[in-house]
Amino acid sequence: MTELTHWIDGAHVKGTSGRFTDVFNPATGEVQARVPLATVEELNDAVARAAEAQKAWGATNPQRRARVMMKFGALINEHMDELAELVSREHGKTLPDGRGDVQRGLEVVEVCMGGPALLKGEFMDNGGPGIDLYAMRQPLGVVAGITPFNFPAMIPLWKMAPALTCGNAMILKPSERCPSTSLRLAELLKEAGLPDGVLQVVNGDKDVVDAILDNETVQGVGFVGSTPIAQYIYSRAAANGKRAQCFGGAKNHMIIMPDADLDKAADALVGAGFGAAGERCMAISVAVPVGKETADALVERLIPRIEKLKVGPYTAGDDVDYGPVITSAAKERINGLVNSGVEQGADLLVDGRDFSLQGYEEGFFVGPSFFDNVTPDMDIYKEEIFGPVLSQVRTESYEEALKLTMDNEYGNGTAIFTADGDTARDFAHRVNVGMVGINFPIPVPLSYFTFGGWKKSAFGDLNQYGPDAFRFYTKTKTVTARWFSGIKDGSQFNFKAMD
Ligand code: NAD
């Protein structure tokens with residue numbers, strides 16, 4: 001049995017708590033490793049060491065910090081297949097999807113390579129007589145990243161790359177279900193030149209999270225996970241005077257207008273609804289066709305596509321569409337919700353409950369389910385299922401479809417499929433959701449924009465990655481400077497003055 005470690009001061013360190021949790025291979029149901037759950041003392045020690053390391057790192061010029069990101073990016077590329085395999089082995093997603101997980105994180109590292117441009121601050125020449133004003137962006141100090149199981153590479157990279165580029169030290173607390181990718185990324189960061197102690201990976205559960213939230217040295221907390229935990233972490237961090245941005249769950253609606261290309265809409269719904277077994281915060285879980293004809297035509301197209309889905313282990317490579325869900329508890333919960341949908345009167349047109357895969361009977365596989373005639377009072381509509389289940393809610397008009405989307409408590413992503421620019425533009429303008437796709441089902445913005453939902457999908461200010469991340473991970477200091485005379489003699493000839 002592999003015993004995983006923490007990563008402290010640039011080295012693997014065994015846990016001392018004696019408490020562990022199992023890391024499964026979701027495809028086989030076997031325990032493949034156990035991960036130590038840190039104590040409050042271990043966490044506080046890691047933070048104290050990080051604070052010490054941050055002093056020199058924060059004083060290192062931004063370009064040098066960005067160069068670490070350049071080498072880190074090159075190493076991620078070099079180890080792409082290995083990292084993707086690590087993601088898939090613990091998460092269960094297919095290998096191409098595992099590569100996507102690493103790639104979408106790498107893209108944030110790539111933006112950080114040009115990070116100094118986002119750290120320039122502001123300047124006003126002659127704001128008063130002989131007075132110049134300038135605003136500096138300085139690191140917060142020690143910050144923490146607390147991440148979910150469903151993107152074991154991407155989300156830790158979204159947290160660590162901007163935080164470190166801004167000159168902070170980071171305590172990363174990855175999901176205890178998929179911790180190995182974060183540990184490997186820490187090794188690669190060391191190889192890229194990150195000084196020891198600047199990134200500490202502390203494994204654990206609620207005890208460690210609470211210790212992070214109560215540690216006075218930790219200045220900022222970036223969280224991604226489910227909504228109740230996001231709200232809890234945001235409240236406790238804020239009560240303790242920390243800066244916090246906490247991203248939560250989702251229930252993403254896709255509106256299909258009568259003029260949409262329905263084959264393309266059906267393909268999009270199947271990919272976005274069932275990809276990664278529906279375990280994406282940007283998964284489409286609710287199809288909202290407008291008009292009976294659209295709904296019937298969509299059903300006709302969706303059923304054969306869903307029935308054809310290939311479900312299997314990541315070791316089957318490109319040959320599977322999606323893999324198992326993360327735990328047996330997740331599998332039971334999803335099947336329980338499908339049962340509730342039937343009991344509450346939705347029409348189950350494709351039933352994935354009794355799915356079993358020969359040779360992988362103990363794996364956490366769930367077949368695809370598709371419900372028609374779902375109504376907003378049903379649990380399958382209200383809950384974030386986070387599994388391979390698509391619900392269709394029929395509407396009579398564009399306004400009704402828009403209202404349904406807007407009335408939902410979540411506001412992470414949404415999409416509209418239409419051939420009409422006027423409708424698309426109206427939708428993008430009015431909908432109260434953070435990320436909008438037009439004929440594009442999973443509108444995760446590219447890394448030089450920012451990522452974040454509205455309503456119960458995010459708590460706190462500022463989005464993840466892009467320019468917002470540079471604002472979140474720095475604080476502004478504004479200087480008002482007056483010089484009574486300023487001409488100096490002498491010249492400097494060293495072209496490399498900034499190096
Ligand atoms: P989760 O909330 O169970 O766990 C997330 C993190 O919080 C983990 O590191 C976990 O150890 C920690 N945690 C769990 N329970 C805790 C508690 N009681 N107190 C303190 N910390 C606790 O989420 P998950 O199951 O790992 O991930 C799936 C969820 O994440 C889904 O709801 C999904 O929508 C959401 N998600 C959101 C985004 C986004 O950007 N909005 C992105 C990915 C995933």
Side-chain angles (χ1 to χ4, degrees), residues 19 21 23 26 35-38 40 43 90-93 101 104-105 108 144-159 171-179 181-182 201-214 221-237 244-252 276-285 325-327 329-331 333-334 364 383-387 409-414 433-435 442-445 450-460 462-466 468-469:
R19 287 204 310 132
T21 193
V23 179
V35 62
L37 305 174
V40 175
L43 182 274
E90 288 186 351
H91 176 282
K93 62 178 74 178
D101 191 324
R104 293 304 303 255
V108 170
I146 302 163
T147 58
F149 79 83
N150 69 325
F151 282 99
M154 181 181 85
I155 296 180
L157 286 167
W158 285 6
K159 298 288 167 217
I171 306 294
L172 178 67
K173 205 301 283 174
S175 169
E176 61 274 41
R177 296 172 201 153
C178 304
T181 311
S182 289
V201 181
V202 182
N203 284 303
D205 55 9
K206 179 174 167 48
D207 288 359
V208 171
V209 173
D210 287 347
I212 289 171
L213 299 175
D214 293 343
V221 177
F223 170 86
V224 180
S226 56
T227 285
I229 311 295
Q231 194 157 12
Y232 162 70
I233 289 179
Y234 177 70
S235 314
R236 188 151 168 177
Q245 52 171 203
C246 301
F247 299 92
K251 193 83 186 175
N252 303 317
E279 289 177 326
R280 291 185 184 132
C281 68
M282 290 292 277
I284 294 287
S285 47
V325 297
I326 189 69
T327 54
K331 176 177 168 163
R333 182 178 166 277
I334 294 161
F364 312 139
E383 297 272 322
E384 180 187 35
I385 301 177
F386 224 55
E409 63 175 350
Y410 295 106
N412 214 38
T414 186
V433 172
M435 293 169 283
I442 306 188
V444 175
T450 68
F451 181 107
W454 288 14
K455 297 185 276 182
K456 286 208 165 159
S457 294
F459 303 85
L462 299 172
N463 280 353
Q464 309 190 76
Y465 67 73
D468 269 12

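Ligands are counted one by one from 1 in listed order, and the atoms in each one are counted from 1 as well. Given the structure is predicted, the values throughout are model-derived calculations rather than measurements. All heavy atoms count here, side chains included; hydrogens, waters and symmetry mates do not.
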Query raised in the report: Measuring from the heavy atoms of Arg280, does anything fall under 4.0 Å of ligand 1?
Result: no
Query raised in the report: Looking at ligand 1, does Gly453 have a heavy atom less than 4.0 Å from it?
Result: no
Query raised in the report: Backbone or side chain, does any N or O of Gly225 fall under 3.5 Å from an N or O of ligand 1?
Result: yes
Query raised in the report: Is there any N or O on Phe149 that sits under 3.5 Å from an N or O of ligand 1?
Result: yes
Does ligand 1 have a heavy atom under 4.0 Å from the side chain of [X], from its backbone, from both, or from neither?
X	result
Val224	both
Asn150	side chain
Ile155	side chain

Of all heavy-atom pairs between [X] and [Y], which one has the smallest distance, and what is that distance?
X	Y	answer
Phe451	Asn463	O-CB, 3.2 Å
Ala237	Leu213	CB-CD2, 3.9 Å
Asn150	Asp101	O-OD2, 4.0 Å
Asn412	Cys281	ND2-O, 3.2 Å

Query raised in the report: Can you check whether a protein heavy atom sits less than 4.0 angstrom from atom 25 (O) of ligand 1?
Result: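 Given the 4.0 Å limit, the answer for atom 25 (O) of ligand 1 is yes, a protein heavy atom qualifies.
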Which protein heavy atom lies closest to [atom], and at what distance to 0.1 Å?
atom	value
atom 3 (O) of ligand 1	Ser226 OG, 4.0 Å
atom 39 (C) of ligand 1	Cys281 SG, 3.5 Å
atom 15 (N) of ligand 1	Ile229 CD1, 3.6 Å
atom 27 (O) of ligand 1	Pro148 CB, 3.3 Å

Query raised in the report: Short list, please: which atoms of ligand 1 are under 4.0 Å from a heavy atom of Gln464?
Result: 40 (O)
Query - Side chain Thr227, main chain Gly249, donor-acceptor under 3.5 Å - result: yes
Query - N/O donor-acceptor pair under 3.5 Å between Arg280 side chain and Ile442 backbone - result: no
Requested in this report: Go through Tyr232 and Asp210 one step at a time and tell me if the side chain to side chain contact (heavy atoms under 4.5 Å, CB included) criterion holds.
Outcome: CA-CA 10 Å; Tyr232 162 70; Asp210 287 347; 2.5 Å; yes
Requested in this report: Before giving the answer on side chain to side chain contact (heavy atoms under 4.5 Å, CB included), spell out for Lys159 and Gln464 the whole-Å C-alpha distance, their side-chain angles and the decisive distance to 0.1 Å.
Outcome: CA-CA 8 Å; Lys159 298 288 167 217; Gln464 309 190 76; 2.8 Å; yes
Query raised in the report: Does a side-chain heavy-atom distance below 4.5 Å link Pro174 with Asn203?
Result: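 With C-beta onward as the side chain, the pair touches.
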Report task. Look at Glu384 together with Lys456 and state whether they make a salt bridge at an N to O cut-off of under 4.0 Å. Result -> no
Heavy atom to [atom], shortest distance: which of [options] holds it?
atom	options	result
atom 6 (C) of ligand 1	Phe223, Phe451, Phe386	Phe223
atom 21 (N) of ligand 1	Thr227, Asn203, Val209	Val209
atom 31 (C) of ligand 1	Glu384, Arg177, Met435	Glu384

